[in-house]
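Here's the structure we're looking at; comments come further down.
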Amino acid sequence: MSPASSHALKHPPVTAPSEPAGADSDFPELGVAIDRARRRGRGAQSNVSGRYEAEARVAFDDGWQSLEELPPFKTTVAVDTSRKVITRNDSPDIGFDRSINPYRGCEHGCVYCFARPTHAYLGLSPGLDFESKLFAKPEAPALLEKELAASGYEPRMIAIGTNTDPYQPIERERKIMRGILEVLERAGHPVGIVTKSALVVRDIDILARMAKRNLAKVAISVTSLDPKLARTMEPRAATPPKRLEALKQLSDAGIPTTVMVAPVIPALNDSEIERILDAAAHAGVKEASYVLLRLPLEVRDLFREWLMANYPDRYRHVFTLIRDMRGGRDYDAKWGERMKGTGPMAWTIGRRFEIACDRLGLNKRRSKLTTDHFARPKRNGDQLSLF
């Protein structure tokens, strides 16, 4: 950005755009929204600096119309040179202790994405940078094979797609995810996939073979059946009908499938819980789950900004209900509560979900993956067995 079109200062005193009259005053001030033409097809409204940056940079028109010269945000992809690909965690409220993310950043642009703050570790914005400045791990399959071959490795299900989507648009050409699946299939290693992309059906051949050995399952997030809301909230993700069709194709191929109603956003998409579950059940899905909207760190301000720009009439109501389910706060990261929330509204959402699942016969059985087929990959120099 040229000096004429920006200025740098700490904690710039700029106000949020489209602030509704009477809005709550306890939010910090937000960065100036980027012009609509420059961010067309993107989810975030702004590109505020990450929390670790010493300076915050915002677009500033000095009267010379220099902002009109700025180009639109285009997707760029850099190479991530990480030496390891399996990430470990010890969170007590999730069902896996290891995961893989073939990409950093996500072009789907879901405004609510809880992974957005991770871009701040790269010196980039959790806003528009997160969905336009991506990082790919082309060596991920080779690194994975090396890690699986380590003598001390103990197999347990690897989760993929828990942070950024492994089937986002750039996967169509780069095929890193497919390479990872090929390694896992050869090694007989179980995998659980989460996505909101119909591109997952490309790999049905591998997934179906793995599913026959209880090595694979797929969960697809369906946030809304309203095409307008879905496109506004998740601008570059697959349409709701495409996701439901993907669930059907996966299920027909014998692959255990789960529909995730995630995130549930009060006063925005919570009225669709039963409809989404019904549509998924008709697509052959046997399992379902839901997650309440999470607003950690920068996600809160980005979501608030998006809400004011697209649904200003619902802004106060949405945040009032969010706080009712988060102990009076915008977010509570407490183990065991961060996914479902607390209070009467959270209880009602949970009971509605359970009743709908019972009516549709969902979650009667939970698919379980096995490690019985695991065969440690051979490392270069390993002596082959004679028997």
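Every heavy atom of this structure was used, including side-chain atoms; hydrogens, water molecules and symmetry mates were not.
Here the options are Val264, Leu277, Asp270, the test is side-chain contact (heavy atoms from CB on, under 4.5 Å), and the partner is Arg352; only Asp270 passes.
For the pair Asp330/Arg323, a side-chain contact is recorded, criterion being any heavy-atom separation below 4.5 Å from C-beta on. By the 4.5 Å heavy-atom criterion applied to side chains, Val194 and Met260 are counted as neighbours.
Of the possible donor and acceptor atoms, one in the side chain of Arg314 sits under 3.5 Å from a partner among the backbone N and O of Ala267. With hydrogens and angles disregarded, no donor-acceptor distance shorter than 3.5 Å links the side chain of Arg178 to the backbone of Glu171. When atom types are taken as modelled, the side chain of Ser125 and the backbone of Ser49 share no donor-acceptor pair closer than 3.5 angstrom. Put simply, the side chain of Arg376 gets close to the backbone of Ala150: a donor and an acceptor are under 3.5 Å apart. The backbone N or O of Arg338 sits less than 3.5 Å from a side-chain atom of Arg326, completing a donor-acceptor pair. Put simply, the side chain of His282 gets close to the backbone of Asp278: a donor and an acceptor are under 3.5 Å apart. The closest donor-acceptor contact from the side chain of Ser197 to the backbone of Tyr167 lies under 3.5 Å. In this structure, the side chain of Gln168 engages the main chain of Gly105 through a donor-acceptor pair within 3.5 Å. A donor-acceptor pair under 3.5 Å links the side-chain atoms of Glu272 to the main chain of Leu225, judged by distance alone. Side-chain N or O atoms of Arg172 include none that pairs as donor or acceptor with a backbone N or O of Leu199 at under 3.5 Å.
The number of heavy atoms from other shown groups lying within 6.0 Å of CD (Glu53) is above 12. The neighbour count for Arg366 CZ, taken as heavy atoms of other residues, nucleotides or ligands under 6.0 Å away, is above 12. In this structure, Arg359 places its CZ atom where more than 12 heavy-atom neighbours from other residues, nucleotides or ligands lie under 6.0 Å away. For CZ of Arg351, the number of neighbouring non-hydrogen atoms (other residues, nucleotides, ligands) closer than 6.0 Å is greater than 12. The environment of Lys340 atom NZ is dense: over 12 non-hydrogen atoms of other residues, nucleotides or ligands sit within 6.0 angstrom.
To the nearest 0.5 angstrom, Leu215 atom CG is 12.0 Å from Met157 atom CE. The NZ atom of Lys84 lies 10.5 Å from the CG atom of Leu143; values are rounded to the nearest 0.5 Å. Note that the OH atom of Tyr153 and the CG atom of Leu148 stand 5.0 Å from one another [nearest 0.5 Å]. Put simply, SG on Cys113 and CE on Met233 are 12.5 Å apart, with the number rounded to the nearest 0.5 Å. Rounded to the nearest 0.5 angstrom, Arg98 CZ and Glu154 CD are separated by 8.5 Å. The CD1 atom of Ile206 sits 11.0 Å away from the CD1 atom of Ile180 when rounded to the nearest 0.5 Å.
Put simply, Ile220 and Ile273 are part of the same group of oily side chains (I, L, V, M, F, W, Y) that touch within less than 4.5 Å, one to the next. Residues Tyr112 and Tyr311 are members of one and the same hydrophobic cluster, defined by side-chain heavy-atom contacts under 4.5 angstrom among Ile, Leu, Val, Met, Phe, Trp and Tyr. Follow the hydrophobic side-chain contacts under 4.5 Å out from Met210 and you never reach Leu369; the two are in separate clusters. In this structure, Leu181 is a member of the same hydrophobic cluster as Val183, with clusters built from ILVMFWY side-chain heavy atoms closer than 4.5 Å. By the rule that hydrophobic residues join a cluster once side-chain heavy atoms approach within less than 4.5 Å of another member, Leu122 and Leu302 end up as members of separate clusters.
Figure legend: cation-pi geometry between Lys133 and Phe73 absent, as NZ or CZ is not positioned both under 6.0 Å from the six-membered ring centre and within 45° of its axis. Under a cutoff of 6.0 Å and an axis angle of 45°, Arg116 and Phe130 do not form a cation-pi pair.
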- Task: Go through the steps to decide whether Arg156 and Phe374 satisfy the test side chain to side chain contact (heavy atoms under 4.5 Å, CB included), and finish with yes or no.
- Result: CA-CA 10 Å; Arg156 290 187 65 181; Phe374 179 68; over 6 Å; no
- Determine, stepwise, if the pair Tyr103 / Asp80 fulfils side chain to side chain donor-acceptor pair (under 3.5 Å). CA-CA 8 Å; Tyr103 303 100; Asp80 185 312; over 6 Å; no
- Task: Take Ile86 and Ile100, measure what side chain to side chain contact (heavy atoms under 4.5 Å, CB included) needs, and give me the verdict at the end.
- Result: CA-CA 5 Å; Ile86 299 178; Ile100 295 175; 4.3 Å; yes
- Message: Run the salt bridge (charged side-chain N to carboxylate O under 4.0 Å, His left out) test on Glu145 and Arg186 for me, step by step, so that the C-alpha distance in whole Å, both residues' side-chain angles and the decisive distance to 0.1 Å come before the verdict.
- Response: CA-CA 10 Å; Glu145 193 158 35; Arg186 289 196 298 270; 3.6 Å; yes
- Pair Ile158-His189, side chain to side chain contact (heavy atoms under 4.5 Å, CB included): steps then yes or no: CA-CA 8 Å; Ile158 290 178; His189 196 293; 3.4 Å; yes
- Would you sort out whether Phe114 and Leu295 count as a side chain to side chain contact (heavy atoms under 4.5 Å, CB included), showing the intermediate values? CA-CA 7 Å; Phe114 66 85; Leu295 297 176; over 6 Å; no
- Step by step, work out the salt bridge (charged side-chain N to carboxylate O under 4.0 Å, His left out) result for Arg329 and Asp332. CA-CA 7 Å; Arg329 296 181 291 274; Asp332 184 358; 3.0 Å; yes
- Message: salt bridge (charged side-chain N to carboxylate O under 4.0 Å, His left out), that's the test. Do Glu234 and Arg243 meet it? Break it down for me.
- Response: CA-CA 13 Å; Glu234 308 161 336; Arg243 297 184 216 183; 2.6 Å; yes
- Task: Evaluate side chain to side chain donor-acceptor pair (under 3.5 Å) for Tyr331 paired with Arg300, printing each intermediate quantity in order.
- Result: CA-CA 8 Å; Tyr331 182 55; Arg300 182 197 66 170; over 6 Å; no
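Contact detail for His108 and Lys196: the closest heavy-atom pair is ND1-CG, 3.7 Å. Contact record, Phe96 with Ser99: CE1-CB, 4.1 Å, taken as the closest heavy-atom pair. Looking at every heavy atom in both residues, Pro138 comes nearest to Pro141 through O-CD, 3.6 Å. Looking at every heavy atom in both residues, Asn269 comes nearest to Thr223 through ND2-O, 2.8 Å. Closest non-hydrogen pair, Ser251 versus Ala283, comes out as CB-O, 3.9 Å. Of all non-hydrogen atoms in Ala208 and Ile255, the two that sit nearest each other are N-CD1, 3.7 Å.
Using a cutoff of 4.0 Å between basic side-chain nitrogens and carboxylate oxygens, Arg83 and Glu147 are not scored as salt-bridged. Using a 4.0 Å cut-off between charged side-chain N and carboxylate O, Lys248 and Asp252 make a salt bridge.
With no hydrogens or angles considered, no side-chain donor-acceptor pair links Asn214 and Thr370 at under 3.5 Å. Of the N and O atoms on the side chains of Asp165 and Thr195, at least one donor lies less than 3.5 Å from an acceptor on the other residue. In this structure, a donor-acceptor pair under 3.5 Å is absent between the side chains of Thr257 and Glu287. Under 3.5 Å, the side chains of Glu107 and Ser132 contain no donor-acceptor pair of N or O atoms.
Ring pair Phe135/His119 is perpendicular by interplanar angle, where above 60° counts as perpendicular and below 30° as parallel.
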